[in-house]
Amino acid sequence: MSAHALNALVERHTEVMPELPEVETVVRQIAPGVVGRTIAALDVRWARTLGDGARARVERAVVGRRIGAARRRAKWIVLDLDGGGALLVHLRMTGRLTVRATDAATDPYLRVALHLSGGARLDFDDVRKFGRVVWCPDPASVLGDLGPEPLDPAFTPADLHAALSGRRRLLKPLLLDQTVVAGLGNIYVDESLHAAGLHPLARSERLTLPEATRLHGAVRAILERAIACQGSSFDTFYRTPRGEAGQYQDEFQVYDRGGEPCRTCGATIERLVVGQRGTHVCPACQPKPRRSPRPRAARRT
DNA sequence: AGCTACTCCTGGTAGC
DNA sequence: TGCTACCAGGAGTAGC
């Protein structure tokens with residue numbers, strides 16, 4: 001790769017709260033810089049990013065291997081290596097992947113770097129160290145438990161209805177469960193529930209097919225729009241000195257808007273905590289479930 | 001089965 | 001100004 005071409009990739013990272021649209025954006029941006037390249041060396045600055053005690057094993061497994069493909073599954077970035085196995089990257093809260101030139105300065109929060117052939121380097125920077133870079137000889141061992149991709153054309157409203165109504169849980173925690181639907185996080189769940197007119201405290205077993213159909217449409221429309229915006233960027237503690245920031249945060253209807261007026265009806269957005277997560281709801285657009293949120297368990301039969 | 005609490009982390013910020 | 005205490009949060013786990 002020429003210096004000019006590499007420069008085009010350098011610093012082209014997106015600063016995000018990474019959920020499906022942000023991870024999709026990251027994969028699209030790094031793929032041209034990593035696919036087809038061979039891993040020449042591993043630079044580990046924070047060993048736990050690879051998993052406790054995994055460093056030597058990972059190094060033996062990946063050095064000298066060629067990255068055949070870069071793809072997304074749920075919130076995982078999957079780097080498939082020729083001959084089998086994959087490096088799986090999870091950004092969690094603050095992780096970032098950036099393709100830089102081999103000799104570029106490193107970020108103070110660099111945790112793991114892959115030195116690649118052709119003068120490139122894939123940096124995994126992560127302020128809070130929650131992110132992970134995992135070597136999987138068999139990626140299905142990690143990815144196999146994930147639920148359906150919401151944007152998969154084969155994923156229907158009836159599938160969503162079955163997945164939700166077949167469990168007895170609050171709607172929001174269930175939607176955050178990656179084994180039910182894969183890729184949603186706090187932001188897009190709040191936005192989707194608002195768009196569908198559903199309350200996060202609603203009981204999943206009471207969800208009707210028409211409601212599930214609304215939710216299915218909302219999830220898809222919001223994710224597609226957010227991908228088109230290259231995700232959502234935050235400046236609560238991120239700065240955006242360079243590179244592209246996502247734009248979807250400008251279109252939030254409820255997320256991070258507690259106390260502000262609903263853009264649909266003008267009611268004041270409420271902030272509550274559901275399952276230990278900050279949750280944002282319009283009390284008018286998303287009426288509270290009429291029954292108690294925690295109905296008494298059925299008596300023995 | 002599903003709920004809550006706790007863990008991992010650190011920069012930012014509210015309160016003094 | 002400078003200090004401390006607390007907060008955010010994806011996902012895994014433990015305990016009830």
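No hydrogens, no waters, no symmetry mates; every other heavy atom, side chains included, goes into these values. Throughout, protein chains are lettered first and strands after them, A, B, ... in sequence-line order, and every chain is numbered starting at 1.
Taking 4.0 angstrom as the limit, A:Arg48 places a side-chain polar atom (N or O) nearer than this to OP1 or OP2 of B:dC9. Using a 4.0 Å cut-off, no side-chain N or O of A:Tyr109 falls inside it from OP1 or OP2 of B:dC9. Considering only side-chain N and O atoms, A:Arg169 lies under 4.0 angstrom from the phosphate OP1 or OP2 of B:dC3. Look at A:Gln178 and you'll find a side-chain N or O under 4.0 angstrom from OP1 or OP2 of C:dA11. Side-chain nitrogen and oxygen atoms of A:Lys75 include none within less than 4.0 Å of the OP1 or OP2 phosphate oxygen of C:dG10. For the pair A:His90 and C:dA11, the criterion of a side-chain N or O lying under 4.0 Å from OP1 or OP2 is met. Under 4.0 angstrom from either OP1 or OP2 of C:dA8 there lies at least one side-chain N or O belonging to A:Arg271.
Spacing between atom OH of A:Tyr255 and atom C1' of C:dG10 amounts to 12 Å, rounded to whole angstrom units. Atom CG in A:Asp126 sits about 12 Å away from atom C1' in C:dG9, given to the nearest Å. Nucleotide B:dT7 holds its P atom 16 Å from the CZ atom of A:Arg277, rounded to whole Å. The separation between A:Arg167 atom CZ and B:dG2 atom P is 5 Å, rounded to whole Å. The nearest whole Å value for the distance from the CG atom in A:Leu176 to the P atom in B:dC3 is 12 Å. We find that CZ of A:Arg203 is positioned 15 Å from P of B:dA1, with the value rounded to whole Å. Atom OH of A:Tyr188 and atom C1' of C:dG9 are 16 Å apart (whole Å). Remark: C1' of C:dG10 and NZ of A:Lys129 are 18 Å apart, rounded to the nearest angstrom.
Backbone-only engagement by A:Trp46 is indicated by non-hydrogen atom pairs under 4.0 Å involving sugar-phosphate atoms exclusively.
Residue-nucleotide stacking is present for A:Phe130 and C:dG10, judged by a side-chain ring centre under 5.5 Å from the six-membered base ring centre and planes under 30° apart.
Between the CG atom in A:Leu164 and the CG atom in A:Leu198 there is a gap of 9.5 Å [rounded to 0.5 Å].
With respect to A:Arg206 and A:Glu211, no salt bridge is recorded, no charged nitrogen being found less than 4.0 Å from a carboxylate O. Electrostatic pairing of A:Asp126 and A:Arg111 does not count as a salt bridge here, judged by no charged N lying under 4.0 Å from a carboxylate O.
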For this session: Report the C-alpha distance between A:Glu191 and A:Phe252 in whole Å, list the side-chain angles of each, state the deciding distance to 0.1 Å, and finish with yes or no for side-chain contact (heavy atoms from CB on, under 4.5 Å).
Result: CA-CA 7 Å; A:Glu191 291 296 311; A:Phe252 286 167; 3.8 Å; yes
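Screening A:Arg65, A:Arg66, A:Arg37 for a salt bridge (Lys or Arg N to Asp or Glu O under 4.0 Å) involving A:Asp82 leaves a single residue, A:Arg66.
Of the residues near DNA chain B, A:Gly166 and A:Val127, the one whose nearest nucleotide (by heavy atom distance) lies more toward the 5' end is A:Gly166.
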